[in-house]
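Input: a single structure, listed below in structure tokens.
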Amino acid sequence: MKFLVTGGAGFIGSHLVDNLVAAGHAVTVIDDLNTFYDPGLKEDNLSGIHGSITFRQVDIRKAAEVDAVFEAEKFDSVVHLAARAGVRPSISDPLLYIDTNVNGTYHVLDAARRYGVQKFIFASSSSVYGLCETVPFREDVPLHQTISPYAATKIAGEQLCSNFSHLYGMQVVCLRFFTVYGPRQRPDLAIHSFTNKIFNEIPIDQYGDGSTRRDYTYVDDIVQGVVASIEYNATPFEIFNLGESETTELSQLIRAIESALGKKAQINILPEQAGDVPLTYADISKARRVLGYSPTTKISEGIPKFVDWYRSRQPALS
């Protein structure tokens, strides 16, 4: 098959591209290589992938750039991962998030429609659940309130996907990712940031008392779910949670990183951040039943794997 992966130079995207290319598929990656974090890291993510891959530097906010990609190549499936990510920065610059995550998603969907793509996978987020009181979070729970612009843009993206599926017969799957981590993780995310600071004996910032809980999901498990969703074709539109369906307290996470590094964290305790939710917890029974999704990497295994990858990238001590 021929795939378009938007945001394919990023953390999750590059792992997916690696998987698709290894399976013999042709992949075109579009990514704007923006400076939210070092673009060189994104270039490194793709540099080790050998196979049928084409890279185009494209900003999905620009409809003409997106259109040119679809005009030049015919795709069987689109996996739309490109987005401005992160709750806290979305509060500082909500218009950037709306432009990229809503308008950009529309541009990709509309080009896919006009150029006859039948399968569209959209990367959503556990953030859409907001302060949901039904735990663990189920896909059929009514969502009445998000609490950050990032979350609002992701639920808007799901709604656009639903529109295109209903109006134009496009088969669409929306995947709600739960706190993904692993090799190549963005340096601003908690596990990578904590690991880097503890390793270099720099104090880390802990927001709140350490009791917030997250459903941390290893990137290989996410990729497994994405690939399974590509193969799914029973209904025109579906939403699936992709998580581990286990929660880890922030204080436990810090202890796990300390243990894997063999170093103690210096902790600055700060007030809770606006927009952060106290809990994410995926009910993955639907994905298990329908997609055959079966996550295998517990946090107790995933953190040491991540730390090993982190150490492998540090300069050798003289």
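With salt bridges taken as basic N to acidic carboxylate O contacts below 4.0 Å, none links Asp308 and Arg311. At a threshold of 4.0 Å, the pair Arg84-Asp99 does not count as salt-bridged, since none of the basic side-chain nitrogens sits closer than that to a carboxylate oxygen. Taking a cutoff of 4.0 Å between a charged side-chain nitrogen and a carboxylate oxygen, Arg56 and Glu65 do not qualify as a salt bridge. The pair Asp18-Arg184 meets the salt-bridge criterion, with a side-chain N (NZ, NE, NH1 or NH2) lying under 4.0 Å from an Asp/Glu carboxylate O.
Hydrophobic cluster membership is shared by Ile121 and Val29, with clusters built from Ile, Leu, Val, Met, Phe, Trp and Tyr side chains linked at under 4.5 angstrom. Val227 and Phe177 fall within a single hydrophobic cluster, where Ile, Leu, Val, Met, Phe, Trp and Tyr are joined by side-chain heavy atoms under 4.5 Å apart, directly or via other members. Connection of Val87 to Phe36 is established within a shared hydrophobic cluster, with ILVMFWY side chains joined at heavy-atom distances below 4.5 Å, either directly or through further cluster members. In this structure, Leu270 is not a member of the same hydrophobic cluster as Ile202, with clusters built from ILVMFWY side-chain heavy atoms closer than 4.5 Å. Under the 4.5 Å side-chain heavy-atom criterion for grouping Ile, Leu, Val, Met, Phe, Trp and Tyr, Phe137 is not connected to Tyr216 through any hydrophobic cluster.
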From CA spacing to verdict: side-chain contact (heavy atoms from CB on, under 4.5 Å), Lys286, Asn241: CA-CA 8 Å; Lys286 180 180 176 182; Asn241 289 334; over 6 Å; no
Residues Thr296, Glu301; criterion side-chain contact (heavy atoms from CB on, under 4.5 Å); working and verdict: CA-CA 10 Å; Thr296 59; Glu301 305 163 40; over 6 Å; no
Derivation of the side-chain contact (heavy atoms from CB on, under 4.5 Å) call for Ile254 and Ile204: CA-CA 10 Å; Ile254 293 169; Ile204 65 172; 3.9 Å; yes
Stepwise side-chain contact (heavy atoms from CB on, under 4.5 Å) test for Lys305 and Tyr218: CA-CA 10 Å; Lys305 284 184 177 183; Tyr218 197 69; 3.5 Å; yes
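Phe3 and His25 have perpendicular rings, their planes meeting at more than 60° on a 0 to 90° scale where under 30° would count as parallel. Ring planes of Phe240 and Tyr232: perpendicular class, angle over 60° (limits at 30 and 60°). In this pair, Phe306 and Trp309 present their aromatic rings tilted. The plane angle is within the 30 to 60° band.
Considering only heavy atoms from C-beta on, Leu291 stays 4.5 Å or farther from Glu231 through its side chain. Between Pro278 and Leu131, some side-chain heavy-atom pair lies under the 4.5 Å cut-off. Contact of the Phe178 side chain with the Ser245 side chain is not registered, since no non-hydrogen atoms from C-beta on lie closer than 4.5 Å. With contacts defined as side-chain heavy-atom distances shorter than 4.5 Å, the pair Leu253/Ile303 qualifies. The shortest distance between side-chain heavy atoms of Leu33 and Phe55 falls below 4.5 Å. In this structure, Ile60 and His107 have side chains that are not in contact, with every pair of non-hydrogen atoms separated by 4.5 Å or more. With a 4.5 Å cut-off on side-chain heavy atoms, Ser127 and Lys154 do not count as touching. Side-chain contact check for Glu158 versus Arg176: some heavy-atom pair is nearer than 4.5 Å.
For the atom pair Ser148 OG and Ile91 CD1, the distance stands at 6.0 Å (nearest 0.5 Å). Annotation: the span from Ile198 atom CD1 to Lys264 atom NZ amounts to 9.5 Å, rounded to 0.5 Å. For the atom pair CD1 (Ile147) and OH (Tyr129), the distance works out to 15.0 Å, reported to the nearest 0.5 Å. Distance check, rounded to the nearest 0.5 Å: CG of Asn200 to NZ of Lys263 gives 7.0 Å. Rounded to the nearest 0.5 angstrom, Gln185 CD and Ile12 CD1 are separated by 9.0 Å. With values rounded to the nearest 0.5 angstrom, Thr179 atom OG1 is found 6.0 Å from Arg214 atom CZ.
Side chain of Thr297 to main chain of Gly302: no donor-acceptor pair is present (N/O by atom type, distance under 3.5 Å, no hydrogens or angles). Thr195 contributes a side-chain N or O that, together with a main-chain N or O of Ile191, makes up a donor-acceptor pair within less than 3.5 Å. Although no hydrogens or angles enter the test, the distance criterion places no donor-acceptor pair under 3.5 Å between the side chain of Ser294 and the main chain of Gly292. Here the side chain of His15 pairs a donor or acceptor atom with the backbone of Pro183 at under 3.5 angstrom. With Ser229 contributing its side chain and Val226 its backbone, the two residues share a donor-acceptor pair below 3.5 Å. In this structure, the side chain of Gln159 does not engage the main chain of Ile155 through any donor-acceptor pair within 3.5 Å. Asp215 places a side-chain N or O within 3.5 Å of a backbone atom of Ala282 that can act as its donor or acceptor partner. Looking only at distances, no side-chain donor or acceptor of Gln118 sits under 3.5 Å from a matching main-chain atom of Gln171. Between the side chain of Ser193 and the backbone N or O of Leu189, no donor-acceptor pair lies under 3.5 Å. A donor-acceptor pair under 3.5 Å is absent between the side-chain atoms of Asp283 and the main chain of Pro136, judged by distance alone.
Ser77 and Val117 make their closest contact through CA-CG1, 4.1 Å (heavy atoms, listed as atom of the first residue, atom of the second, distance). The shortest non-hydrogen separation linking Val102 to Ala156 is CG2-CB, 4.0 Å. Nearest heavy atom pair, residue Leu46 against residue Ala9, reads CD1-CB, 3.7 Å. Taking every heavy atom of both residues into account, Gly243 and Pro295 meet most closely at O-CG, 3.6 Å. Minimum heavy-atom separation, Pro89 to Ala85: CG-O, 3.9 Å.
The ring pair (Phe, Tyr, Trp, His ring centres under 6.0 Å) test with Phe75 is passed by exactly one of Phe120, Tyr115, Phe70: Phe70. When the options Asn101, Thr105, Thr146 are evaluated for a side chain to side chain donor-acceptor pair (under 3.5 Å) with Thr153, the one that passes is Asn101.
Tyr293 and Asp221 are not linked by any side-chain donor-acceptor pair at a separation below 3.5 angstrom, with hydrogens and angles left out of the test.
Taking Tyr37 as the reference, Leu41, Lys42, Arg186, Pro187 meet the side chain to side chain contact (heavy atoms under 4.5 Å, CB included) condition, with sequence neighbours excluded.
Taking the six-membered ring for Trp and the full ring otherwise, His192 and Tyr181 have centroids separated by 6.0 Å or more.
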